[in-house]
Amino acid sequence: MIDIRLVRDDIDAVKAALGRRGVDPADVDRLADLDRAARTAVGTRDEVRATVKVLSKQVGEARRAGDTARAEQLADESRAAGDEERRLNTVAEAAQEEVRQALLYLPNLPAPDAPDGVGEDDNVVARSWPDVAPAYAEAQRVPHWEIGAELGLLDMERGAKLSGSMFPLYRGFGARLLRALGSFALDSHADEFEEVRPPTLVLTGTMVSTGHLPKFEEEAYHLERDDLWAIPTAEVPLTSMWRGDVLDEAELPLKLTAGTACYRREAGAAGRDTRGLLRVHEFDKVELFAYSTPDQAPALLESMVARAEALLRQLGLQYRVLDLCTGDIGNSAARTFDLEVYSPGVDMWLEVSSVSWCTDYQARRANIRYRPEGGGTPVFVHTLNGSALAWARIWAALVETGRQADGSVVLPEALAPYLRGETVIPAAG
RNA sequence: GGAAGGGUGGCAGAGCGGACUAAUGCGCACGCCUCGAAAGCGUGUGAGGUGAAAGCCUCCGGGGGUUCGAAUCCCCCCCCUUCCGCCA
């Protein structure tokens with residue numbers, strides 16, 4: 001959530017910033033009104049509450065002094081004030097809850113240099129690689145589910161037999177390739193990012209602090225018996241690792257990487273991209289995550305995008321970097337870069353990474369702060385997260401891109417150390 | 001799964017119905033001392049809300065309750081520790 005003080009101090013700036021994302025200025029005015037009402041209600045309640053405390057204390061004093069009659073009289077007064085306090089408290093809490101709801105509903109302020117726009121079509125292609133788009137051969141124009149079936153790498157039918165549709169089952173070289181990709185990425189990030197293997201089933205509170213609940217409840221798998229949620233991304237456990245804590249500035253930036261399975265119900269996407277690995281309920285992903293000071297954040301954002309790009313170049317996949325416009329940036333982000341690889345078999349650009357700078361929007365919700373060097377009051381950290389990378393779609397792009405005229409698939413040399421040196425998946429037969 | 005003990009400020013840890021405005025220690029900051037430092041001594045030091053300020057209010061894992069009054073008593077939940085059982 002954004003800082004309510006911004007709304008109090010400079011409401012026009014908030015309207016202007018959120019207006020770039022399509023938020024109605026009237027919503028901001030409504031929030032300001034609710035906030036004023038809540039503050040008045042809380043003030044009134046606090047006055048009465050103070051009276052109760054004073055009277056209660058006097059009851060004790062009178063009782064110790066042996067003046068029972070006076071104690072009883074004061075207790076009666078206090079009781080009456082207490083009833084009034086409870087009534088006012090109900091009013092005040094309801095008012096505060098309204099403010100909180102209105103505040104949660106507001107998205108983050110976009111970064112000043114995020115491009116303007118209303119939707120996906122307005123995203124800006126920041127750069128692409130390689131400079132000259134490759135020419136693809138006929139052999140590369142085969143979708144990965146066909147290649148996977150032909151070479152025994154991917155068995156979507158048996159996956160569906162076990163778990164229903166959109167649960168991939170990788171076999172043989174296909175399974176090894178997936179494992180290789182995860183190791184390759186984690187090793188690449190090991191120079192600066194601490195590797196973490198978090199739990200993938202988490203408590204409700206953990207889902208709430210990243211904003212995945214309650215808003216996106218429909219998207220998440222829930223184990224009712226134990227009231228645990230399957231994580232949709234490693235961002236969820238990583239954000240909560242220091243939930244409610246105060247870090248030292250010296251610990252920042254705190255950089256983490258985690259490879260986990262991610263689970264998504266894709267409830268709103270029924271019928272879209274249902275074939276192969278384009279959209280699946282369970283996929284592996286290596287996530288980059290950082291807590292930082294506000295000053296460190298812009299450079300970190302760039303370096304995280306650069307890391308994801310470096311992997312794609314090493315994998316030899318054609319890609320483009322999208323600077324998301326204000327209308328397409330996710331709720332909690334101020335700036336987001338998406339990476340899309342071109343996959344020739346399906347002839348589509350596939351989103352394989354999304355790197356976001358969330359400023360203090362998530363930290364405020366999760367209450368994660370740091371104590372500035374030399375003391376002073378704690379300040380909310382900035383959080384950044386990004387995939388590097390999401391493997392199901394990379395797997396698809398690699399298999400399609402690497403396909404040869406003879407039906408074999410050539411994989412990038414960068415993966416050789418993780419594939420026992422075998423970078424060619426032999427043709428069928 | 002059974003039994004017991006716990007969750008208190010940056011950390012450790014006392015408090016177990018009314019002076020809690022949460023002891024004490026560590027850490028940290030400033031000062032004295034010193035050529036400088038350590039040690040020692042002194043002073044200060046949680047977070048949040050509201051307010052011009054004084055002040056007032058909230059926060060002792062979370063939620064509910066009892067009471068004139070709850071860190072303290074009761075109920076539910078979460079988490080941690082120990083022992084037992086089971087288990088890859």
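All values below were derived from every heavy atom in this structure, side-chain atoms included, with hydrogens, water molecules and symmetry-related copies excluded. Letters A, B, ... mirror the listed sequences (proteins, then strands); counts begin at 1. Source: prediction; values computed, not measured.
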Query raised in the report: A:R49 has an atom CZ; how far is it from atom C1' of B:rG49, in whole Å?
Result: 12 Å
Query raised in the report: In terms of side-chain heavy atoms of A:D46, which of B:rC57, B:rG51, B:rC79 is nearest?
Result: B:rC57
Query raised in the report: Does atom CZ of A:R197 have more than 12 heavy-atom neighbours from other groups under 6.0 Å away?
Result: yes
Query - Nucleotide forming a Watson-Crick or wobble pair with B:rA39, both distances under 3.5 Å - result: none
**Report entry** Identity of whatever pairs with B:rG9 - Watson-Crick or G-U, under 3.5 angstrom
**Finding:** none
Query raised in the report: Watson-Crick or G-U wobble partner for B:rA70, using a 3.5 Å limit on both distances?
Result: none
Requested in this report: Please state the P separation for the pair B:rG17 and B:rG2 - nearest whole angstrom.
Outcome: 31 Å
**Report entry** Most 5' of A:R369 and A:D76 on RNA chain B, judged by nearest nucleotide
**Finding:** A:R369
**Report entry** Ion pair A:D155/A:R158, N-O distance below 4.0 Å
**Finding:** yes
Query raised in the report: Salt bridge or not for A:R39 and A:D35, using N-O below 4.0 Å?
Result: yes
Query - Nucleotide nearest A:A75 (side chain, heavy atoms from C-beta), chosen from B:rC57, B:rC68, B:rA47 - result: B:rC68
Query raised in the report: For A:G345, does its backbone N or O pair with a side-chain atom of A:E400 as donor and acceptor, under 3.5 Å?
Result: yes
Query raised in the report: Closer than 4.0 Å, any side-chain N/O of A:R45 to the OP1 or OP2 of B:rC56?
Result: no
Query - C1'-based separation of B:rC11 from B:rU82 [nearest Å] - result: 23 Å
Requested in this report: Just call it for A:R5: base, sugar-phosphate, or nothing, with non-hydrogen atoms closer than 4.0 Å on any strand.
Outcome: sugar-phosphate
Query raised in the report: So, A:E309 versus A:Q314: side-chain donor-acceptor pair below 3.5 Å or not?
Result: no
Query raised in the report: Between atom CD in A:E61 and atom P in B:rA19, what is the gap in whole Å?
Result: 10 Å
Requested in this report: Give a yes/no on whether any side-chain N or O of A:K53 is located under 4.0 angstrom from OP1 or OP2 of B:rC20.
Outcome: no
Query raised in the report: What orientation do A:Y221 and A:F167 show, parallel under 30°, tilted 30 to 60°, or perpendicular over 60°?
Result: tilted
Report task. Nearest whole angstrom, please: distance from the C1' of B:rU67 to the CG of A:L55. Result -> 15 Å
Query raised in the report: Any Lys/Arg nitrogen of A:D360 or A:R364 sitting under 4.0 Å from an Asp/Glu carboxylate oxygen of the other?
Result: yes
**Report entry** Near-strand residues of residues 87-101 of chain A, defined as heavy-atom separation under 4.0 angstrom from RNA chain B
**Finding:** none
**Report entry** Rounded P spacing from B:rU45 to B:rA52 in Å
**Finding:** 25 Å
Report task. Taking atom C1' in both B:rG15 and B:rU72, compute the distance separating them and give it to the nearest angstrom. Result -> 8 Å
Query - Interatomic distance, A:E85 CD vs B:rU58 P [rounded to whole Å] - result: 8 Å
Requested in this report: Identify which nucleotide among B:rG10, B:rC78, B:rU58 has an atom closest to any side-chain atom of A:V246, counting heavy atoms from C-beta outward.
Outcome: B:rG10
Query raised in the report: For atom C1', what is the distance between B:rA47 and B:rA22, given to the nearest Å?
Result: 15 Å
Query raised in the report: In terms of the angle between their ring planes, are A:W357 and A:H382 parallel, tilted or perpendicular, with boundaries placed at 30° and 60°?
Result: tilted
Query raised in the report: Between atom NZ in A:K57 and atom P in B:rA19, what is the gap in whole Å?
Result: 7 Å
Report task. Measure from CG on A:L203 to C1' on B:rG61 and round the result to the nearest Å. Result -> 13 Å
Report task. Could you measure between the two C1' atoms, the one in B:rA70 and the one in B:rG63, and give it in whole Å? Result -> 15 Å
Query raised in the report: To the nearest angstrom, how far is A:D67 atom CG from B:rC68 atom P?
Result: 18 Å
Query raised in the report: So with a 6.0 Å cut-off around CD of A:E302, is the heavy-atom count from everything else above 12?
Result: no
Query raised in the report: Considering residues, nucleotides and ligands other than A:E97, do more than 12 of their heavy atoms fall under 6.0 Å from its CD?
Result: yes
Query raised in the report: A:N367 has an atom CG; how far is it from atom P of B:rC59, in whole Å?
Result: 16 Å
Requested in this report: Please give the nucleotide sitting opposite B:rC28 as a Watson-Crick or G-U wobble pair, both distances under 3.5 Å, or none.
Outcome: B:rG44
Query raised in the report: What integer number of Å spans the C1' atoms of B:rC28 and B:rU66?
Result: 42 Å
Report task. In whole angstrom, give me the gap between the P atoms of B:rU81 and B:rC32. Result -> 48 Å
Query - Any strand: nucleotide that pairs with B:rC83 via Watson-Crick or wobble, under 3.5 Å - result: B:rG2
Query raised in the report: What nucleotide among B:rU58, B:rC78, B:rC56 has an atom nearest to a side-chain atom of A:A50?
Result: B:rC56
Query raised in the report: Using purine N1 to pyrimidine N3 plus N6-O4 or O6-N4 for Watson-Crick, or N1-O2 and O6-N3 for G-U wobble, both under 3.5 Å, which nucleotide pairs with B:rG17?
Result: none
Query raised in the report: Should A:K285 and A:E287 count as an ion pair when the cut-off is N to O under 4.0 Å?
Result: yes
**Report entry** Salt-bridge present (A:R49, A:E85; N to O < 4.0 Å)
**Finding:** yes
When you compare the protein's N or O atoms with those of nucleotides 69-77 of chain B, which come within less than 3.5 Å of each other, and at what distance?
| unit_1 | atom_1 | unit_2 | atom_2 | d |
| --- | --- | --- | --- | --- |
| B:rG69 | O4' | A:S56 | OG | 3.2 |

